[in-house]
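For reference, the structure discussed in these notes is given below.
All values below come from the heavy atoms of this structure, side chains included, with hydrogens, waters and symmetry mates left out.
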Amino acid sequence: MKHLLEIKDLVTTFRNEGKEFNAIEGVSLHVDRGEIVGIVGESGSGKSVTMLSSLQLIASPGRVAGGEVYLEGIEQNLLSFGSDSEAMRQVRGGRISMIFQEPMTSLNPVLTVGYQIQENVLLHTDLSAEEAKKRTIEAMKMVNIPDAETRYDYYPQQFSGGMRQRIMIAMAMAPKPDILIADEATTALDVTTQAQLLEMIRTIAKETNTAVIMITHNLGLVARYAERIYVMYGGHMMETSDCVSIFHETRHPYTRALLRAIPRLDDPKDRILIPIDGLPPVPSQRPDYCPFYPRCEYRCDRCLQHTDAAMKEVLPGHWSACCLTGEELDAKEQELLNKNYGASPQRTQSETLCLDVQDVRKYFPVYKGLLRRKVGDVKAIEDITFCVRQGETLGVVGESGCGKTTLARCIMRMYEPDEGKIIFDGEDVAHQKDSELRSFRPKISMIFQDPFSSLDPRQNAGSIVGESLLIHKLVRDRVE
């Protein structure tokens, strides 16, 4: 076998209203030992589904309908194993480990982190409990968790977001897998913590000769860390090559559109980021021709006849699914560069204060012992003061654990601040009772970091969105 992992012509379908639609259609990729490979694309392009399918982790109403997955040392197609078979369980976690996007939905809050990492080691190795604990502590040290011996007995909620993600990496790396899949593993982290974790993953990969597959929509990350890049869109593979070629000799319009939509260090400050118009295709409405055609600024009549979605080698080691030649793409690119997209919109700012935060302070008590005696305080935020005017956008930035979310929750009055004033529309809401806040609630809203833990899995989308309208009596009935 030439590659450590090879996926050939993978097809994954989902059933909706009695019909099956292909979410992944004929996707092929490979990864070698010690290599870092990036899979990029918009949300819904099929990146995560591809890797979940290869591990047979697709739940109903989805199923893997075709394709082959081969892993070095196993002659048989992995998709021929039962999803709950012992052979497949040994591959998952033992040979191939996956770091998921949100650590708190992956970690069990009632078990210590040490127990959870050790459990993974015991499942996939022949080590004794004592040896497994030793390797668990080694894995925690490897991901730079300070005082690992003591923190072995900590629970997930006792760690910050960045530390919890380190726990997930330690759990994935403890059985010493051949392949590590990082599924948007650092998206929710601040840039400093993100850089530390990615540098750490790269170091671990090179020291242990572990292959890494990075699933991300962040082209900046793959530019820095990946050696080869796969670009996905609409369940199809659009382009693949080494990192330098993808950025400097781009041969697919979708990749070029992605690059135009991100800022560069050498951009003028008034350069407009050009988004890709429209939305990715719904699998049930995907056309027979190129799925990117409706949003493509390079499209021509020939694209409608190009029904072969397979990639072709356009340069040595560079593959693309576009029917246009490099010369045609460059000519069209010049037209787009000369196109006037207009100037950045000028925002008008009112002098009217909308929100005035004055000297807000919030402490959290720390309790210890059987009698839960207070031994100190966690000083989450201290003496925060700022104001926001009507029509103004204010950014609050900082590293994980610096108090950004606590401040937002105080403003929302999910927490009552210990001191200070929060004046909204001329009224101080900092210390009002719940009954007094009823008129305030519909006027200020919060979008939380992780949608999975914010959305009720028992409700449909319409019920979730409509619930706040009913609660705040903004509509008369469910129909409205």
Side-chain angles (χ1 to χ4, degrees), residues 1-31 37-101 105-106 124 172 177-184 211-216 230-238 240 280-286 288 291 308-311 321 452 457:
M1 182 175 172
K2 291 192 300 181
H3 305 293
L4 175 60
L5 176 71
E6 190 166 7
I7 298 174
K8 297 180 178 179
D9 301 321
L10 188 67
V11 178
T12 301
T13 66
F14 284 87
R15 180 172 289 276
N16 184 28
E17 297 180 352
K19 296 181 181 179
E20 279 196 336
F21 304 102
N22 289 349
I24 299 296
E25 200 162 355
V27 168
S28 299
L29 61 90
H30 70 268
V31 61
V37 171
I39 304 177
V40 300
E42 292 174 277
S43 295
S45 60
K47 308 181 298 293
S48 298
V49 173
T50 296
M51 300 317 301
L52 291 172
S53 299
S54 67
L55 294 173
Q56 297 205 51
L57 288 173
I58 295 296
S60 179
R63 69 181 183 90
V64 181
E68 299 170 299
V69 179
Y70 293 101
L71 183 62
E72 185 181 84
I74 300 176
E75 297 288 336
Q76 204 171 342
N77 174 13
L78 296 187
L79 299 181
S80 66
F81 298 142
S83 60
D84 293 327
S85 66
E86 180 62 27
M88 200 65 218
R89 283 199 295 269
Q90 287 304 315
V91 169
R92 290 193 295 252
R95 298 285 308 278
I96 305 175
S97 288
M98 194 163 183
I99 308 167
F100 295 96
Q101 185 170 352
T105 56
S106 305
H124 299 292
D178 296 317
I179 301 170
L180 179 66
I181 301 171
D183 185 5
E184 302 276 14
V212 177
I213 300 174
M214 292 175 58
I215 300 173
T216 181
Y230 289 95
V231 181
M232 287 192 71
Y233 178 80
H236 291 267
M237 204 63 81
M238 297 281 104
T240 181
V282 178
S284 60
Q285 299 170 6
R286 190 183 296 142
D288 295 331
D308 182 9
M311 292 192 296
F452 188 84

Can you give me the closest heavy-atom contact between [X] and [Y], atom names plus distance?
X: Asp9; Y: Ser28; answer: N-OG, 2.9 Å
X: Tyr233; Y: Pro291; answer: CE2-O, 3.4 Å
X: Arg92; Y: Leu57; answer: CD-CD2, 3.7 Å

Any non-hydrogen side-chain atom of [X] less than 4.5 Å from a side-chain atom of [Y]?
X: Ile74; Y: Arg95; result: yes
X: Leu10; Y: Leu79; result: yes
X: Tyr230; Y: His30; result: yes
X: Ser97; Y: Leu180; result: yes
X: Ile179; Y: Leu71; result: yes
X: Ile96; Y: Met51; result: no

Answer yes or no: are there more than 12 heavy-atom neighbours, outside Glu75 itself, under 6.0 Å from its atom CD? no

Out of curiosity, Ile99 CD1 to Glu184 CD, how far, rounded to the nearest 0.5 Å? 12.5 Å

Okay, side chain of Asn22, backbone of Thr13: is any donor-acceptor separation there less than 3.5 Å? no

Taking Lys47 for its side chain and Met232 for its backbone only, find out whether a donor-acceptor pair lies under 3.5 Å. no

